[in-house]
Structures are given as structure tokens and as C-alpha cells.
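For reference, the structure discussed in these notes is given below.
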Amino acid sequence: MNPLFNFTHTDTDKGTLEWRSPSNIALIKYWGKHGEQKPINPSVSMTLKYAFTQTEIHWSPKSSPSAADFEFFLSQQKVGEKFEKRVGQLIKIIAAEYPKINEKLLTINSINTFPHSTGIASSASGLSALALALMSLGKRLHGQDLSYDAFLQKASYYARLGSGSACRSVYAPYAIWGAGATANSTNEFAIPFTPHNDFLKIHDSILIFSKTPKTVSSSAGHELMNNHAYKQGRIAQANENTQNMLEALKSGDFEKWQHITENEALALHGLMLSSVSPVLQLLPDSIQFLTDFMAFRKGKGLKAAFTIDAGPNIHILYAPEHYEEVRAFISNWITERRRPIDVIDDETGKGAKELF
Ligand code: PMV
């Protein structure tokens, strides 16, 4: 329970509120959607700790209660038209339930703790922080009495409409999104998942092989699944992997976790490669690193797995007892291969939080 959550705000005329929401890394990948941002298969993710977005909304009265009026800044800079449009759309959707938002002039300031286009999903943390902040504002303006759980569920629902994977960022340490994964999982919003103790702290070292923004956006990528030759096979695979992943996470089975995590990462890239318009995102260095990582790991019984999102950067997930060994391997690889690449170190996080 967030202690600040039910704090009574008497003055709703103007004010400021702020939410922090983390990014997440999918172990079971969401790839392909239908209808209103509904996934074609369930997904499971680990919530991150240090990669997060902080979004502050300052509101004040507007002269006429027309459509939402807002200004959005990322790191004190105006964002591109495309992202501003996405922000405007989410405000409009949330204001349909909380119309008093339309009476306010909103100044929204957002900051990310991690650089853009690094293989960390900024849309997951960005859109979830925005959904949480807007929901919080709507709730205050309307004096709505909502339990913390109901609030998070609604925020996850709205975050999903902003960006699919964002709905999982509301929860920690892990989250499940999509019907059929568990008895109560749904396509509408994510639900939290707590694994075996051994999975409560997993390191994630992210090797940034390219900082160039993706050539194919994730929306365009999802679309490639619509008429993909392997669509039905992928849905069956993801459902089976989800069941096995949840079993592995519950029982503390690292071998199974490693096998499925890597199968999902490679399946995602296999799907991109085999789509009608092929998308090749792995770079020679990504492949070289994966080959060397697998050779290094061989026979050591390390609790370590790689995963990859829709880009060339590689996430190495591993248990704390292997920190020195895995981290040394990564550093030595960079030195020996003379590759000036950045590494971002993260780990399992605790989820979204209201700051004031
Ligand atoms: O939320 P989106 O539309 O950015 O899609 C995310 C897709 C992947 O990152 C590739 C997988 C996932 O489940 O996060």
C-alpha cells in the first residue's frame, strides 16, 4: 500500500503530482496484436529497478473546458510530433472517464533515467508513468474513492492503450499480461506475479550494440504478425512457453527459465526475419557476443540467460551469485574485442510509485 495514496487533497484548482514507473524486460514476448491493443499471445516480464521514467503533472485552471490542453516535455525538451500525439491520445482516453481533466491546463514533465533507444523500452516506462499520473489526477479531481489495487488495475488498463508492454510496468516483481496464462490473467490489463525467492533478485546487464533508433517501430513489427505464415504456430509456442515459464519461476528452476527465455528471444527475431517484409535487427557484434557468451557458459552450470527485444542490444539475466563471473566476462569481452560499447546494469525492481 502506498502511504501517500489516500492523502486527501482539498485544493484541486491547481497542483502537482508525480509518478515513477519502471521499464520491464519480457521473458515471454508480446509480438502481434489485434483490436484495441490486445495481444495475440500472453507475455511475462521482469520489472526493472533503475531504468524508470518519472512523470510530473502540473495542472491549473483553463479558461474554457474544451478538449485537453497540454504541454509535454521529455528532459525539458519538446518531443517529436508522433510521441506528442500518443500523449494527447492517452489524455483524451483517460479524460473520457475523468472529464474534469479537460478543465485543466496540463504541463507534463518527464525524465528517463536511461538513454533513449538503448534496448530498454522507454515506451513501457514512459506510457505507464503517464497513465499512472493521469489516473491519479483524474481520481483527485473527481474525488474518487478507489482502493490501491483497483487504481493500479485501471492504470495498467490505460497504460496498455498507450503501449502494450507498458501495462506490465505497473506491477512487480514480475507481471503477466494476456488471457490464458493463468486463471485470472486477461488481455485488458496486466497482473502481478511473485516467483520463487531465487528469482526475486536477477541482474540484467544490457549491452548496447547500437544507439540508433529502430528502423522498424514496434507498432510496425506487431503488424507483421497479422498475416505471418507462422502466426498460429507462434501463438501455440508462446502459450506453451508461458506455462513452462510460470512453472520455472514458481519452482526456482533456472535451467527451464534459461531455455525458455532464450527460445523466446530467438523466436522473436526468427519471426521478424521470416515476416513478409523481413526485419533484420541483430548486428554482427550481437551475434558474436551471443556465440561467445554461450561458449563461456558451457559446462559451468551458470544461472544466466540472454534475452533480446526488437533491436540489436542484448540483455544478460543472471543470479546474484554469478555477478563477478558474468560481469567480468562482459568487461573482458569488450576489452578483448575492442568494442567501445556501453553496458547498463539493472536488476529486478519493486514497481511503480507515487512520489508526492
Ligand atoms: O509495447 P510495444 O508495442 O513497444 O511492444 C513491445 C514488444 C517487445 O518489446 C518486443 C516484447 C515485449 O513483450 O515487451
Side-chain angles (χ1 to χ4, degrees), residues 21-48 51 53 82-83 86 89-90 112 114 116-131 156-171 174-179 181 185 187-191 193 204 206 213-226 228 234-235 237-239 241-242 245 260-273 275 279-282 286 306-315 317 346:
S21 189
S23 186
N24 68 76
I25 176 70
L27 304 178
I28 304 293
K29 308 291 181 185
Y30 150 53
W31 199 239
K33 58 181 173 183
H34 61 93
E36 253 198 329
Q37 204 97 289
K38 305 245 176 85
I40 62 168
N41 65 265
S43 56
V44 178
S45 57
M46 181 179 92
T47 305
L48 297 178
T53 300
K82 221 168 131 194
F83 195 73
R86 262 171 109 174
Q89 270 164 356
L90 194 59
N112 290 336
F114 53 95
H116 192 58
S117 300
T118 51
I120 299 182
S122 59
S123 63
S125 56
L127 272 305
S128 58
L130 182 65
S156 175
Y157 167 84
Y158 284 124
R160 181 200 104 219
L161 298 176
S163 173
S165 58
C167 73
R168 298 187 310 239
S169 274
V170 169
Y171 295 111
Y174 290 73
I176 305 171
W177 172 38
S185 70
N187 287 341
E188 301 292 324
F189 44 79
I191 55 171
F193 177 77
D204 180 7
I206 309 155
K214 291 186 277 193
T215 43
V216 177
S217 69
S218 57
S219 317
H222 291 297
E223 237 180 270
L224 293 172
M225 285 309 290
N226 289 344
H228 200 294
R234 167 58 190 159
I235 294 172
Q237 176 191 47
N239 277 287
N241 277 350
T242 299
M245 176 57 80
I260 306 161
T261 301
E262 297 182 355
N263 178 253
E264 278 290 309
L266 297 176
L268 171 69
H269 283 264
L271 288 164
M272 290 192 284
L273 288 170
S275 48
V279 180
L280 172 55
Q281 291 189 325
L282 292 175
S286 331
F306 65 80
T307 188
I308 324 165
D309 265 344
N313 302 319
I314 310 280
H315 292 243
L317 305 171
D346 212 323

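Whatever order the structure lists them in is the order used to number ligands and atoms, beginning at 1. Position 1 is the first residue of the sequence; numbering continues from there.
- Proximity of a side-chain donor or acceptor of Q281 to a complementary backbone N or O of P312 within less than 3.5 Å is not detected.
- Here the options are E264, H315, K29, the test is side-chain hydrogen bond (donor to acceptor under 3.5 Å, both in side chains), and the partner is T307; only K29 passes.
- Residues Q89 and R86 have side chains that never bring a donor and an acceptor to within less than 3.5 angstrom of each other.
- A salt bridge links E188 with K38: the closest approach of a Lys/Arg side-chain nitrogen to an acidic carboxylate oxygen falls below 4.0 angstrom.
- With R160 contributing its side chain and A190 its backbone, the two residues share no donor-acceptor pair below 3.5 Å.
- Close approach of ligand 1 to G164 is summarised as follows: ligand atoms under 4.0 Å from at least one heavy atom of the residue are 1 (O).
- Looking only at protein heavy atoms, the nearest one to atom 1 (O) of ligand 1 is S165 OG, 2.6 Å.
- Taking distance alone, with nitrogen or oxygen atoms compared against 3.5 Å, W31 stays at or beyond that limit from ligand 1.
- Within ligand 1, counting atoms from 1 as listed, the ones closer than 4.0 Å to a heavy atom of S123 are 4 (O).
- Considering only non-hydrogen protein atoms, atom 2 (P) of ligand 1 sits nearest to S218 OG, 3.5 Å.
- Judged by distance alone, the side chain of D204 and the main-chain N or O of D346 form no donor-acceptor pair under 3.5 Å.
- In terms of polar-atom proximity, defined here as any N/O pair under 3.5 Å, Y30 does make such a contact with ligand 1.
- Numbered from 1 in the order shown, with element, the atoms of ligand 1 that lie under 4.0 Å from a heavy atom of A26 read 12 (C), 13 (O), 14 (O).
- Considering backbone and side-chain N/O of H222, one or more are found under 3.5 Å from N/O of ligand 1.
- Note: N24 CG to D309 CG = 8.5 Å, rounded to the nearest 0.5 Å.
- If you check each of R168, K33, R160 against atom 12 (C) of ligand 1, the one with the closest non-hydrogen atom is R168.
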